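Notes follow the structure.
All ligand and atom numbering here is 1-based and tracks the order in the structure. Excluded from the calculations below are hydrogen atoms, water molecules and symmetry mates; all remaining heavy atoms, backbone and side chain alike, are included. Please read these numbers as outputs of a predicted model, since none were measured by experiment.
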Amino acid sequence: MISSKEHTILISPIGDPGAGADFLDPLRSALRGAFGYETEVIPLIDEEDLWIDPIRKQYHSTPILETLAILAPPTALKVLAITKVDLFIPILTHVYGEAQLGGKTCILSTHRFGEGLSQGAGAETFQYRIEKEAIHELGHTFNLRHCPDLTCIMHYCRNVREVDRKLNRFCRYCAILLEDELKKLGK
Ligand SMILES: [Zn+2]
Ligand SMILES: [Zn+2]
């Protein structure tokens, strides 16, 4: 008998991922809706174990993805780590997240999602930013690339205004590509 825990999307908070992590339950439903997999929440890495670049005072996301891939339990089809620390890759000043294209792991930072929001009043926008960028990064692990459609969730956003402008859905083209990927996985 196949366990109900077979093939989950594992959400892995690193320390307190921000905002008291109130966003986790709605995020789990959003991910289930987008990809059709159940989710589990299991921390795999401590914030103290992350390596901070001493010059940039930021965290390089690529080695974190590699560590997550090693630590991921076999039940996890994909792993989404969420952290409040500021992430970068060497060619960019910062990133909201990074993913292994067609791979197992991705990471999202909530660090910059409070930009332009007033305390309290922006909770819903903060939530939507996390959901959109989490689905975006997981989309990459399902082999989706960046999409030129400004409203598609796979559009690459350079700032939060662009994140707010895009919709919480895949465009028709990306939806078909995702469906094909999910079919290959037996969905
Ligand atoms: Zn992307
Ligand atoms: Zn698209």
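- Using modelled atom types, one finds a donor on one side chain and an acceptor on the other under 3.5 Å when comparing Glu98 with Thr62.
- A distance of 4.5 Å separates CG in Leu10 from CD1 in Ile42, rounded to the nearest 0.5 Å.
- The Zn ion (ligand 2) has no N, O or S atom of His155 under 2.8 Å away, backbone or side chain.
- Residue His140 approaches the Zn ion (ligand 1) most closely through its N/O/S atom NE2.
- Taking the Zn ion (ligand 2) as the corner point, the angle from Cys171 atom SG to Cys147 atom SG is about 110° (rounded to 10 degrees).
- Ion pairing of Asp164 with Arg129 is present here, as a side-chain N (NZ or NE/NH1/NH2) and a carboxylate O approach within less than 4.0 Å.
- Side-chain N or O atoms of Ser109 include one that pairs as donor or acceptor with a backbone N or O of Val85 at under 3.5 Å.
- Take the N/O/S atoms of His136: the one nearest the Zn ion (ligand 1) is NE2.
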